[in-house]
Asker: 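Quick one: structure below, then a few questions.
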Amino acid sequence: MPRIPFLLLLLSPLVPAQTPPIEPVKTTVVVTASKGAAELELAPAATALVTAAELEQRNTQTVDQALMQAPGMYPNRSKGFMDTDPGFGMRGFGARNFSRVLVLLDGQPINNGYSSQIAVTSLPVDELDRVEVVRGPFSALYGGNAMGGVVHMITRTPTRREIKLQGQYGSQDTTQYMLRYSDRFWERLGLSFSYQRTQTGGYSVGKVLQTATAVASPAGIIIPAPRRTLTSTGGTTYELGEQGNNWYNHHTWRTKGDVAINSRTSLAMQYMYRDYGYGYDGTRSYATDAAGAQLFRGNVFFQEAGAWRRVTLNPTSFVPGSGNGNAHFFNATLLHSFDTKGSLRIAGGQSYSPVDAFTSAAAATPANGAGGPGTYADRPNRASYAEAQYTAPRLGRHFLLAGNEMRLFSTQAYNDEVTDFAFPTNVIRRSVYSAGRSLNNGVYLQDQFSLGEKLHITGGTRLDYWRNFDGASLDRPDVPIKSYETRTARYLSAKGAAVYRLRTGSVVRFSAANAFRAPNLVDLYRTTFSAQTQVLSLPNPSLLPEQMWSVETGFRQSFSSRLQFDLSAYHNSITDLMYRVTDFTLDPTGRTSVITNVGAARTRGFEAAAEQRASSFLRLRQSYTFTNALITNNPASPATNGKRVALVPRSVATFQAFLNQKRWNVVASGRYFGKMFTNDTNTDTTKGVQGSYDPFFDSDITANVTLSTRYEAFVSVLNLLDRRYYQFNRNPGRLVTAGFRIKL
């Protein structure tokens, strides 16, 4: 199997001053599926690739937007830029969660140490050379968090002097601008620096909804009957106000350098700092008193169809609060070649979030956004990483690599009751607290060997050991802090894959693997309460790791450079699935959930993708993903047996058209996203209401025009048809931005 030196993993292709047409290439090198460089066609797993040229041509603003069109993916963002908690879903694992999808930045895991989430919106897209997505279980190489697959973001490496400035402005008071400088000195030292800022005034993401109680007669303030609507499960609720525009802004600074110490040794280092903030403006109550003053608290009454009803207004519904956070990321990689004795890669780094905070109002808070009693919650967390990997020289038909990887997670999370949530410095008492640490260590071995020119086989195994320790929690302020015993466990993962080249351009692949996911620190120790959904989520310190067995087959066919298609089908069997189960015993209202090992689940699906070169200036791309993810055995809640896994769409379809004509580059795209359920009983079937996850179709278009070798102008329209739907929150509607790009 053709290979390239590992030194090339540091040297990304230079993005030229003018964006070229995106051409299919005969040999594309990817590194994620095998932790070594290999042809995309012969990768031992279903692999998708998004290049820097495509990111720029599509005017991609966030990483998850870059993957909206990737086969087998279902990224989900419940609102615009303001969503600080989007997710990547694949292979039957939920689209609002990163805990079963591993995300790498230049080889280093960046799933945080608290809940495995990623602050996707603040990652600098303009720094990316490419994004590789491999679908399917990868515990045999990457350990836990890789049950659904791996998303690997690989950044650019400086190769010559380049200056890039870009700015754009659009609807909803949205601004984004960036600066990037890179240079190479003496052909041995590369340096780059970048800065990116995104801010938006946002939009009103949802209404304030309240249920009503029938009463014999009014005993207080009477208001006009509010608009009646439905909950996602078909219940009756009423619109009593709106939370106002949800604004958001972030800053990202990044610097990277690499140096060729000698002809055999190189060192690369990078540092990135990100901070963000969000909040709401313009809270409004539809309920008013006789003088016209807005009401945010207390009982109000209205008459509907001749019957009186009472609604209890709660300030926490009108004032969602605000949040802010920051994160440091450091990474260093040393590569050394032993000439004929192989190569060694030593990498290490850390992700640290000293602040990951948000505020919320208390029941006694004046609901005018000016402050008052409330809660300040913070979740500082740290993830440390170290890895050593040795790649042996080719031994006949064999290509061996072995390594050891360590990850250490630590977190503290707490809720403090404060006198003023707008200035949360005066703490009354600590109401909720959790803490813990987790050490994960894995040793892996992989062999890739070829039986002639046609058959290529990959086999690998990894032994993981993890230890959860220093666990503690406080569920309410009137009880002592609980301490938990140290827990340890081991898991052996394996994966085998075969790729057979039937003839030129025609490849068949098959793989079988097992995988696991250890519970994260939130699963084990953290109690949370959502003021928006009124749901209490309880942890479970006795959780077992999830386990999965998987088989996959695929076929790839290319007809010269004009037509190619790829088909993958898979079956996953999951046991001890960690899942939030509604506990009606603890809470008959259904607003309490407990994470537990529900028993078993089964996922079957297929992914189809095609690409056509329709003419010298037009390229087309389509994909369809079908996922059937079901709970098959859940003794804790038999009503969920046979139900679909939450937050997994059954169907996702995409299309893209790339038009390259002289100075113009135009990309048109569309996406259909099927219905998702939010609960384990699949009872949220009502569409078009707040809290529902509607099936939807939306389309985008971006046009770039090259004014000269240095200057470009562009305009983007997201949700071109202005389709209105809910992904829990109401979508932002059409978003139009226009900008200018300078390359020196």
Side-chain angles (χ1 to χ4, degrees), residues 32 34-36 98-116 118 137-150 152 329-335 344-352 381-392 400-411 435-447 459-471 484-495 513-525 541-548 576 578:
T32 309
S34 58
K35 280 205 172 185
F98 283 105
S99 60
R100 300 177 184 91
V101 175
L102 182 66
V103 182
L104 307 175
L105 180 61
D106 289 330
Q108 178 171 322
I110 59 173
N111 302 71
N112 73 34
Y114 173 70
S115 62
S116 304
I118 312 294
F138 272 89
S139 289
L141 270 181
Y142 295 101
N145 291 102
M147 294 178 71
V150 180
H152 191 182
F329 174 84
F330 172 77
N331 171 266
T333 303
L334 177 71
L335 297 177
L344 177 67
R345 178 176 66 89
I346 300 176
Q350 190 173 95
S351 300
Y352 173 47
N381 61 86
R382 188 187 303 267
S384 302
Y385 156 83
E387 184 174 12
Q389 177 179 303
Y390 173 72
T391 304
L400 296 168
L401 63 84
N404 182 67
E405 181 193 38
M406 182 278 295
R407 301 179 211 170
L408 176 63
F409 302 102
S410 61
T411 185
R437 290 194 287 174
S438 177
L439 173 66
N440 298 261
N441 192 71
V443 180
Y444 58 88
L445 174 68
Q446 179 179 267
D447 182 17
T461 186
R462 172 168 166 150
L463 177 63
D464 277 274
Y465 163 86
W466 68 94
R467 181 165 65 100
N468 298 319
F469 56 104
D470 293 345
Y484 299 99
E485 295 182 356
T486 297
R487 295 180 59 198
T488 63
R490 293 175 175 82
Y491 193 83
L492 182 66
S493 309
K495 183 167 187 173
N514 67 326
F516 78 99
R517 179 178 83 90
N520 60 38
L521 298 174
V522 168
D523 298 331
L524 293 169
Y525 309 126
S542 301
L543 283 171
L544 301 172
E546 296 174 337
Q547 303 181 53
M548 182 176 82
D576 293 323
M578 281 178 262

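The figures here come from the full heavy-atom set of this structure, side chains too, leaving out hydrogens, waters and symmetry mates.
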Asker: Under a 4.0 Å N-O cut-off, is there an ion pair linking E387 with K35?
Answerer: yes
Asker: Rounded to the nearest 0.5 Å, what separation is found between the CZ atom of R467 and the CG atom of L408?
Answerer: 9.0 Å
Asker: Find the distance between CG (L544) and CZ (F516) and round it off to the nearest 0.5 Å.
Answerer: 13.5 Å
Asker: What I'd like to find out is whether the side chain of N111 reaches to under 4.5 Å of the side chain of R407, using heavy atoms alone.
Answerer: no
Asker: Would you check if the side chain of N441 reaches a backbone N or O of N404 as a donor-acceptor pair within less than 3.5 Å?
Answerer: no
Asker: Shortest non-hydrogen contact from Q350 to S384?
Answerer: NE2-OG, 2.9 Å
Asker: For F469 and T486, work out which heavy atoms get closest and say how close.
Answerer: CB-OG1, 3.5 Å
Asker: Is it true that a side-chain atom of R487 and a backbone atom of P541 form a donor plus acceptor pair closer than 3.5 Å?
Answerer: yes
Asker: Please name the pair of heavy atoms, one in M147 and one in M548, separated by the smallest distance, quoted to 0.1 Å.
Answerer: O-CE, 3.4 Å
Asker: For a 4.5 angstrom cut-off between non-hydrogen side-chain atoms, does Y444 reach L141?
Answerer: yes
Asker: Please identify each residue that fulfils side chain to side chain donor-acceptor pair (under 3.5 Å) with D576, with sequence neighbours left out.
Answerer: none
Asker: Compare every heavy atom of S139 with every heavy atom of S493, then report the nearest pair and how far apart it is.
Answerer: OG-CB, 3.4 Å
Asker: Looking only at atom types and distance, does a side-chain atom of R382 sit under 3.5 Å from a main-chain N or O of Y352, one as donor and one as acceptor?
Answerer: no
Asker: Looking only at heavy atoms, what is the nearest atom pair of P137 and K495, with distance?
Answerer: O-NZ, 3.0 Å
Asker: In the structure I gave you, are the side-chain heavy atoms of Y142 and L104 within less than 4.5 Å of one another anywhere?
Answerer: yes
Asker: Hey, could you give me the CD/CD distance between Q446 and Q389, rounded to the nearest 0.5 Å?
Answerer: 8.5 Å
Asker: Enter the distance from N331:CG to I110:CD1 here, rounded to the nearest 0.5 Å.
Answerer: 10.5 Å
Asker: Roughly how far apart are N468 CG and N440 CG, rounded to 0.5 Å?
Answerer: 7.5 Å
Asker: With rounding to the nearest 0.5 angstrom, report the CG to OH distance, L105 to Y385.
Answerer: 11.0 Å
Asker: On a heavy-atom basis, which atom in S410 and which in R437 lie closest, and how many Å separate them?
Answerer: CB-CG, 3.5 Å
Asker: So, N514 and Y491: side-chain donor and acceptor under 3.5 Å apart, yes or no?
Answerer: yes
